[in-house]
Amino acid sequence: MRAEPIGLGGWQRRERILTVGVAGIFALVLMRLFFLQVLQGQRYRELSEGNRIRVEVLTAPRGEVRDRKGRLLADCVPSFTVTLDPFDKAYTRNPAHIDSTLAALAPILGVDPTFLKEKIQRERKVSFLPIRLKRNVDIKSVAFVSEHRDQLPGVEVESEPLRRYPLGLMASHLLGYVGEISDKELLDPQYGDYLSGDLIGRMGIERRYEKVLRGQDGKRFLEVNALGRKAELLGDKRPIVPRRGVDLELTIDLDVQRAAEEAFPPGARGAVVALDPRNGEVLALASKPNYDPNEFSTGITQERWSELSGGGNYPLFNRAIQAAYPPGSTLKPFTSLAGLECGAIVPGTVFAKSCTGEFRFGTRLFGCWNHDGHGLLSMHDAIVRSCDVYFYQLGLRIGLERLAAFMSKLKLSEKTGIDLPQERRGLFPDLGWYDRRFGTGRWSRGITLNLAIGQGEVSLTPVKLAQLAAFVGNGGVLLKPHLVRSIASGGPPASAQADDSLRQVVPVSPYNLDAVRSAMASVVSDPNGTGGQARLDSIAVAGKTGTAQNPHGKDHALFICFAPADAPRIAVAVLVENAGHGSSAAAPIARKVLEAFFHPAPPESAAVMTGR
Amino acid sequence: MIGARFSSDIDRPLLAATMILTLIGVAFVFSATQMASASAEHGLYLKQIAYLLLALLAGGLIAAVPYRVYEGRTAYLLYGVALGLLVLTLFVGHVGLGAQRWLGWGPVKIQPSELAKVATVILLASQLGDRKKDLTQIRNLVRPILTAGIPFLLVLKQPDLGTSVAFVAMLLTMLYWAGLPLLYLFFLISPIANVALSFYTPAWFVFLGVLAVILYRSRIRLLPLLIVVGVNLIVGIATPQIWNHLQPYQKQRITTFLDPGADAYGAGYQIIQSKIAIGSGQVFGKGYLHGTQKGLAFLPEQHTDFIYSVVGEETGFVGAAFVASLYLLLILRGIRVAHHARNRFGGLLAIGMTSIFLYHVLVNIWMTVGLAPVTGLPLPLLSYGGSSLVASFLQVGLIQNVAMRWRDY
């Protein structure tokens, strides 16, 4: 087929086809107009006059969160929310009317009217939905709104699920909280299916498992007549049925969690992490001070927010995963292991220099915490009595290069990968790090002495310390700590998955590991050991104390342990900020955690906590 | 003067339709912005009048110069400038309604995609009109497809799907006018139909069958045949595969992009409100300035993309049909001018300009009556906006230019 000749007058046929086509398309437009305006005009006229069309969001309840024994940590309860439709006729005709509505409503709701006005002006730009003025209002406000319906155009009381944390302060950091989505997030395509005023998980499990927990909100179009009666508007949009969020079962053991939180003296700051050294399940994860996530569910004032996010103590800060501290002497078992592994020492090695309470290196004097000195010690006794002078010499013999290489096998400068947001990495510096920091070769070998006893530039998070304790306990496996045991929708529990990313075997000699483990057992059991305060009557505990100097005041107290010493089922790391000695301030907290784990409270109190 | 000799040959119905539509536009920009809660919008109709004066000037100037001046090198120059502006928009443009569409110097803001449409039509007319080419030869299609394809992609990137498709619409119309048989047009758009149908296997097989029969009956040459078959097979098989590998949020982005009303209750609500406004106008309307739906939920676009719903509400079926008829008149006159043009370049120029009107008017009106997705396209001559108005007058000016010189040799 060839193109027909086109030129002067050759457009005849094409013109006719185009003209008929265009006329046909316009005829369709006229038919549509006729349908809308003449045939259905009456109905649309009614809709435009007395009645209002509005969208009702059917909020999906978030999934419940329970501990490993099924005890409730977070659920949803019905509540009332007062909303206002800024596109109500009354306000589009007379925008000033909104002020009088708010003036009448604000005192009842106990909210500042200018705050509400700003909220409305902000949110009406991004969606056409009624705007939530206040969540979780009391029955008095509900009654007020229904009685004054005619003076409060566009104001409705809607039933909505409210996120509830029945245990209040308990486990607040690992659970996180929910809050209204920010304007910035709304612009992010990642949150494309969120609407202004929607709740979104913040921190903790609520954030990490937001997609699962959230469920899917439903929506429907309603025609509201002058009497406030609602009728579903059919034909234009089918309603979307809300889908409830998925329930989560955590690895947390509420008994252990409670013991950890209650073991902290009032006003103390710090963190506790307890893991199952066999599989990486997190049994408890506490951070002090804590906060009550219920405060956020109903919307929080700016002042209260600043108080929680700062306020000197930073209660929102999750010290278990977001803060890295110098590990102090809790690092000594790992320095020892490094020495054994690279052949610098054997378990019986005794260094030439006896501990006199201090150690001279070049022109500098490095002290031992025990100013009276420990005398000549083997590696075993040096760990038991936490002799600094032994580890200064060990550090020098290993050398920074080999020490850093071993620590990098333990991934000290990496995150553990726990399934919580905002985890921070720790740091064990290597040669390159010092060269970058101070210039090539412009730093003293003395830093190795400090690193060997867990001081100086090394810093670790409590969750990393717990992972390291579990590593010694389970015979050399680095486990990825995780909090979610199963996602109720089915599928195998996360911990049962043969997922290589959950466990990583570090090649260390079992003989060397045993030497360290037996030293850690003696730390607790030996009368000369520093960890006697963590001793249990019936079960052998292996541990290591730490007292970390830091620039922020009094020493941090640390303790890491696992039990039973020969076949551990729990590993714990405790850190108390500025509390002094690990032996006296941190070890007793660990003991209470271990007690709760091995001797759980009688189930009657647990039944009360279940809630329903 | 250059144009005076031919002024008696100006297409009067086209001119009249243009002017009446523009005045209706000013009147309804006034009406649409009176209820707005933001008083800043109250004076917009005055700005629209200022734009109108500018547009008249631009349209008059472009009509005065004999249109053959725009052929050849000038066409490439204009096209180059327009592309430059589009590229600039992507880098330094202003974001409006989620897309980067505007280019501004101080208080002056222009939407380069509006001007790019005019420049692209001129270049296409020049390429397709310079001498007779057999358009069924693929090598003769490469250049026009590139010419429309580049601005298409640049505008798609903004992202502005509605405007970018305009480049496809005018390319197809002009190819048809230049002599490409309808059959080949079908082959050109078959991959697009293919993408849409590939999600439903039975429909896809039916489509392939129909395509095969048509290809067999058409007895086209081997190379184009292989290309059509190959492209269709690849597209049809790859599309569902790619789709299944997308993340849920990526899928949602695409569906929102194609049809914002389907997903977000926001845009779906706009459509419902627009239908209520138009429908409630009934036969004779609620009277000018007496509409009750304006100022409602779809505030920001009331005087731009949704102006037709104000017209429908206040003047009813009578007014809405009148406005639609004026557009029909304008487009039919454009086709007539193209038909009577003295030479291929003139005819293609007129049909190209007309196709821009046709596409915009249809997509916009269909959107306001709930037959097409919310695309954010203005209604030419009626919607508020300087770039659109100036571009519309440039288009009318060029059609008149061709009409005035039909005696010219």
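Just so we're on the same page: letters track the sequence lines, and every chain starts at 1.
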Region of F284(B) in contact with chain A, defined by heavy-atom distances below 4.5 Å: neither

For chain A, find its close neighbours in residues 329-336 of chain B: heavy-atom separation under 4.5 Å, sorted by number, or none. I331(B), L332(B), I335(B), R336(B)

Write out, in numerical order, the residues from residues 350-358 of chain B with a heavy atom short of 4.5 Å from a heavy atom in chain A. I351(B), L358(B)

Only pairs of heavy atoms separated by less than 4.5 Å count here; which of L33(A), L30(A), V22(A), L39(A) has the most with chain B? L33(A)

Quick check for you: to the nearest 0.5 Å, what is the distance between L371(B) atom CG and L36(A) atom CG? 8.0 Å

Contact origin within Y191(A) toward chain B - heavy atom pairs under 4.5 Å: neither

When heavy-atom pairs shorter than 4.5 Å are enumerated against chain A, which of T173(B), I278(B), V283(B) gives the highest number? I278(B)

Nearest atoms (heavy-atom pairs only) where Q37(A) meets F317(B): OE1-CA, 2.9 Å

I'd like to check F322(B) versus V318(B) (side-chain heavy atoms, cut-off strictly below 4.5 Å). Are they in contact? no

What closest approach, in Å, do P86(A) and I120(A) show between heavy atoms, and which atom pair accounts for it? CB-CG2, 4.1 Å

Which of these, T101(A), T83(A), L105(A), sits in a side-chain contact (heavy atoms from CB on, under 4.5 Å) with L133(A)? L105(A)

Given heavy-atom pairs under 4.5 angstrom as the criterion, report whether the side chain, backbone, both or neither of Q40(A) touches chain B. neither

Kindly determine whether L128(B) and W177(B) satisfy side chain to side chain contact (heavy atoms under 4.5 Å, CB included), including the steps that lead there. CA-CA 10 Å; L128(B) 295 168; W177(B) 200 253; over 6 Å; no

Does any part of the side chain of I131(A), heavy atoms only, come nearer than 4.5 Å to the side chain of K119(A), both counted from C-beta? yes

Would you check if K286(B) and R45(A) make a side-chain contact, meaning some heavy-atom pair closer than 4.5 Å? yes

Determine, stepwise, if the pair E180(A) / R132(A) fulfils salt bridge (charged side-chain N to carboxylate O under 4.0 Å, His left out). CA-CA 10 Å; E180(A) 284 195 2; R132(A) 295 180 179 91; 5.7 Å; no

Could you tell me the separation between the NE2 atom of H360(B) and the CG atom of L382(B), rounded to the nearest 0.5 Å? 14.0 Å

Could you tell me whether E210(A) and R62(A) have a side-chain N and a carboxylate O separated by less than 4.0 Å? yes

Mind running side chain to side chain contact (heavy atoms under 4.5 Å, CB included) on V241(A) and L58(A) for me, showing each step along the way? CA-CA 8 Å; V241(A) 182; L58(A) 311 164; over 6 Å; no

